[in-house]
J.: 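Got a structure for you, written out below as structure tokens; questions coming shortly.
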Amino acid sequence: DGGITQSPKYLFRKEGQNVTLSCEQNLNHDAMYWYRQDPGQGLRLIYYSQIVNDFQKGDIAEGYSVSREKKESFPLTVTSAQKNPTAFYLCASSKLGGNEQYFGPGTRLTVT
Amino acid sequence: ILNVEQSPQSLHVQEGDSTNFTCSFPSSNFYALHWYRWETAKSPEALFVMTLNGDEKKKGRISATLNTKEGYSYLYIKGSQPEDSATYLCAPSGLTGGGNKLTFGTGTQLKVEL
């Protein structure tokens, strides 16, 4: 089955710890994205990548980092510098050229 | 920050009712308009991607129109069914970057009751 997987589904961390969220796709898509959802807000773009070893900041990149060493994988690290890390995180992928994005199931991160 | 507005915020309809939602967005630097359906406990799923002014797309009982000159899109659902209950998101692309970069609205939450 082709698709996007994110793990884990739920993640709990203590304040001050970095945490890495996994995103893998086997759709052979060039572009991958990380979004964050907070109550009452639309999905906001954190980082995106259109090609291996290259990525761009989205609208709310502060406190986050990413890597794109393989086409299939786009992990997101939530660093201790992120002031409000508790949120629902969605990963997506697409072909290049403004095509529809395919979303993973999401990871709900809680930091206390 | 570029505003993408969706209305209404939420909607309750009876099974069989037809309904429509609005998405408005800045018309400058527009590349495409995406509609997604997001059911509870599932991933958002693409419904339509539209690029041309006057575009109309249809998938079953759901259809959408696009006006790029005035910056709005309508989503219509004919004869709503309980399985249509979901949050409907619109997202224009190109507003703050390339065609792959979407700016999402906050969504319209639809509840269809028996």
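These numbers come from a predicted model, not from an experiment. So that the names make sense, note that chain A is the first sequence line, chain B the second, and so on, each numbered from 1.
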J.: V111(A), L76(A): one ILVMFWY side-chain cluster at the under-4.5 Å cut-off?
T.: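 Yes; tracing contacts between hydrophobic side chains, which count when under 4.5 Å, links both residues.
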J.: Considering residues, nucleotides and ligands other than Q14(B), do more than 12 of their heavy atoms fall under 6.0 Å from its CD?
T.: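 Result for CD/Q14(B): enclosed.
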J.: What option among K95(A), Q56(A), Q37(A) has the most heavy-atom pairs under 4.5 Å with chain B?
T.: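 Most heavy-atom pairs under 4.5 Å with chain B: Q37(A).
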J.: Under a 4.5 Å heavy-atom cutoff, which of G106(A), G40(A), G42(A), A31(A) has the most pairs with chain B?
T.: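 When all of G106(A), G40(A), G42(A), A31(A) are compared, G42(A) has the most.
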J.: Check whether more than 12 heavy atoms from other residues, nucleotides or ligands sit under 6.0 Å from atom CD of E69(A), and answer yes or no.
T.: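 Counting other residues, nucleotides and ligands, CD of E69(A) stays at 12 neighbours or fewer.
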J.: What part of Y102(A) gets within 4.5 angstrom of chain B, counting heavy atoms only: side chain, backbone, both, or neither?
T.: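 Neither the backbone nor the side chain of Y102(A) comes within 4.5 Å of chain B.
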J.: Is L45(A) in contact with chain B via its backbone, its side chain, both, or neither, using a 4.5 Å heavy-atom distance?
T.: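 Answer is side chain: those atoms of L45(A) sit under 4.5 Å from chain B.
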J.: Can you confirm whether more than 12 heavy atoms, excluding those of Q109(B), are under 6.0 Å from its CD atom?
T.: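 Result for CD/Q109(B): open.
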J.: Which distance, rounded to the nearest 0.5 Å, do you find between the OG1 of T106(B) and the CG of L43(A)?
T.: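 Reported value, rounded in 0.5 Å steps: 10.5 Å.
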J.: Same cluster or not: are L11(B) and V112(B) linked, directly or through other Ile, Leu, Val, Met, Phe, Trp or Tyr residues, by side-chain heavy atoms under 4.5 angstrom apart?
T.: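 Per the 4.5 Å side-chain linkage, L11(B) and V112(B) are co-clustered.
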J.: Chain A heavy atoms under 4.5 Å from Y36(B): which part of the residue, side chain, backbone, both or neither?
T.: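 Looking at Y36(B), just its side chain touches chain A.
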J.: Heavy-atom distances under 4.5 Å only: say whether E100(A) touches chain B with side chain, backbone, both or neither.
T.: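 Looking at E100(A), backbone and side chain both touch chain B.
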J.: Kindly give the heavy-atom pair with the smallest separation between S43(B) and G104(A), and that separation in Å.
T.: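 Taking every non-hydrogen atom into account, OG-O, 2.8 Å.
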J.: L96(A) versus chain B, heavy atoms under 4.5 Å apart: side chain, backbone, both or neither?
T.: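 Both backbone and side chain of L96(A) come within 4.5 Å of chain B.
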J.: Decide whether L66(B) and Y74(B) are clustered together by the hydrophobic rule: side chain heavy atoms of Ile, Leu, Val, Met, Phe, Trp, Tyr closer than 4.5 Å, transitively.
T.: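 Shared cluster, no.
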J.: Is there a continuous path of hydrophobic side-chain contacts, each under 4.5 Å between heavy atoms, that joins W34(A) to M32(A)?
T.: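 Shared cluster, yes.
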J.: Where on Q101(A) is there a heavy atom nearer than 4.5 Å to chain B: the side chain, the backbone, both, or neither?
T.: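 For Q101(A), the contact with chain B is made by backbone and side chain together.
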J.: Assess whether side chain to side chain contact (heavy atoms under 4.5 Å, CB included) is satisfied between Y35(A) and L102(B), documenting all intermediate values.
T.: CA-CA 10 Å; Y35(A) 294 94; L102(B) 303 182; 4.0 Å; yes
J.: Would you say E39(B) has more than 12 foreign heavy atoms packed within less than 6.0 Å of its CD?
T.: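 Above 12, so yes.
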